[in-house]
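Have a look at the structure below, then the notes.
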Amino acid sequence: MPELPEVETIRRGLEPALISQKIISTRFFVRKLRWDIVASNFDNYVNQKSITSLSRRGKYIIIHLDNEAAVVIHLGMSGRLGLFEQTAIVEKHTHVIFYLENGMELRFRDPRRFGSIEVAPPHLISSYPRFAHLGVEPLSNNFNPQYLKKKTEKSDRGIKLVIMDAKIVVGVGNIYANESLFYSRIDPRRRAKSLSVKEIKALEKSLKTVLNTAIEKGGTTLNDFRNAYGEPGFFQLELAVYGRADLPCPECGTPIQKTVLGGRSTFFCPNCQN
DNA sequence: AAACGCGCCTGCGGGC
DNA sequence: TGCCCGCAGGCGCGTT
């Protein structure tokens with residue numbers, strides 16, 4: 001379940017190893033993940049090109065090439081992107097392999113196949129259609145109390161659904177939505193427009209803190225998250241409420257309550273959050 | 001227009 | 001033992 005911190009962890013891990021590497025060829029084991037894989041795009045714009053940098057937009061990883069084209073990858077629920085030696089066993093559900101000039105292989109594996117892999121042709125990444133509707137980056141200055149106030153003040157939706165809405169702010173999945181609402185002491189069931197200015201400021205701040213801390217810890221490994229080198233993250237050790245139904249609140253000891261919002265498990269302290 | 005609900009997909013854990 | 005069921009959930013899209 002890679003959210004922004006996990007995607008950023010993978011990006012940071014891969015970038016130093018991939019910069020200036022040439023992609024010799026690309027092999028596909030499936031024709032479609034979330035969306036169709038257009039093999040001709042890889043022939044035309046990816047193979048025989050060198051990697052210049054890796055960036056991230058929301059939960060997408062972008063591999064930039066020296067012809068100004070880019071490979072856009074989403075890890076979905078269970079996607080992994082990693083570097084392997086040629087001799088390493090190709091694990092089940094490996095869908096794409098990039099063969100690099102130095103003999104290493106960049107492999108994309110995704111059991112649940114919610115992920116995607118597409119090519120933005122040269123110079124088109126700035127107008128990439130899948131990014132068109134995306135909201136602001138939560139760790140940027142564009143995500144600030146004024147912005148969040150504007151997006152919440154007229155909304156009847158629950159606040160948790162609002163901060164998980166990629167059209168408003170990207171990268172926030174279920175784990176970090178739960179955690180940031182805990183630290184800002186806001187009940188996730190509250191209607192967005194009921195938040196005070198003080199609460200909006202607290203939420204903006206706690207979301208940034210939670211995401212930054214999770215990046216520092218190398219992400220959250222619940223079941224299967226691994227970085228580019230197969231190593232787990234450690235932020236799960238610091239989760240205050242997520243997955244902790246009936247366990248004591250780290251602040252006050254009250255049992256953490258579980259409910260469902262928008263079809264997703266929601267955890268909160270009924271004493272601290274109101 | 002905003003809000004909500006569904007389907008996609010596989011692995012895993014619990015219950016019997 | 002082995003099977004079935006429910007859950008995990010980001011995203012686009014259809015419906016209300």
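In what follows, every chain begins at residue 1, and chains take the letters A, B, ... in the order their sequences are listed.
Within the 4.5 Å cutoff, the side chain of Arg80(A) has no heavy atoms near those of the Asp110(A) side chain.
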Is there a side chain to side chain contact (heavy atoms under 4.5 Å, CB included) between Phe108(A) and Leu33(A) once you walk through the steps? CA-CA 11 Å; Phe108(A) 177 67; Leu33(A) 290 167; 3.4 Å; yes
For the pair Asp165(A) and Lys151(A), evaluate salt bridge (Lys or Arg N to Asp or Glu O under 4.0 Å) and give the outcome as yes or no after the intermediate values. CA-CA 11 Å; Asp165(A) 184 346; Lys151(A) 294 297 183 183; over 6 Å; no
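An OP1 or OP2 oxygen of dC9(B) is reached within less than 4.0 angstrom by no side-chain nitrogen or oxygen of His93(A). For dG10(C), one of the phosphate oxygens OP1 or OP2 lies less than 4.0 angstrom from a side-chain nitrogen or oxygen of Arg264(A). OP1 and OP2 of dG12(C) both lie 4.0 Å or more from every side-chain N or O belonging to Lys167(A). Dashed line: the shortest gap from a side-chain N or O of Ser78(A) to OP1 or OP2 of dG11(B) is not under 4.0 Å. Between His74(A) and dC11(C) there is a side-chain N or O to OP1 or OP2 distance below 4.0 Å.
Here the P atom of nucleotide dC4(B) and the CG atom of Asp165(A) are 11 Å apart, to the nearest Å. dG6(C) atom C1' lies 11 Å from atom NZ of Lys258(A), rounded to whole Å. Regarding Leu75(A), its CG atom lies at a distance of 10 Å from the P atom of dC11(C), rounded to whole Å. Distance Leu161(A) CG to dC4(B) P: 7 Å, rounded to the nearest Å. The nearest whole Å value for the distance from the CH2 atom in Trp35(A) to the P atom in dC9(B) is 14 Å. Residue Arg80(A) contributes atom CZ, which lies 13 Å from atom P of dG11(B) at whole-angstrom precision.
With distances taken from any side-chain atom of Tyr60(A) to the nucleotides dG9(C), dG12(C), dG11(B), the minimum falls on dG12(C). Nearest to the side-chain atoms of Lys59(A) among the listed nucleotides dG10(C), dT10(B), dG9(C) stands dG10(C).
The minimum heavy-atom distance linking Pro255(A) with Pro270(A) is given by the pair O-CD, 3.5 Å.
For the residue pair Thr26(A)/Asn47(A), the side-chain donor-acceptor check at 3.5 Å is satisfied.
Side chain Arg34(A) to base dG10(C): a donor-acceptor pair is found below 3.5 Å.
For DNA chain B, the neighbouring residues in residues 144-157 of chain A, judged by any heavy atom under 4.0 Å, are Ser155(A), Asp156(A), Arg157(A).
Map Gly158(A) and Pro111(A) each onto its nearest nucleotide of DNA chain B; the residue landing nearer the 5' end is Gly158(A).
Side-chain atoms of Gln273(A) come within 3.5 Å of backbone atoms of Ile186(A) as a donor-acceptor pair (strictly under, hydrogens ignored).
The aromatic rings of Phe42(A) and Phe28(A) sit perpendicular, their planes meeting at an angle over 60°, well past the 30° parallel limit.
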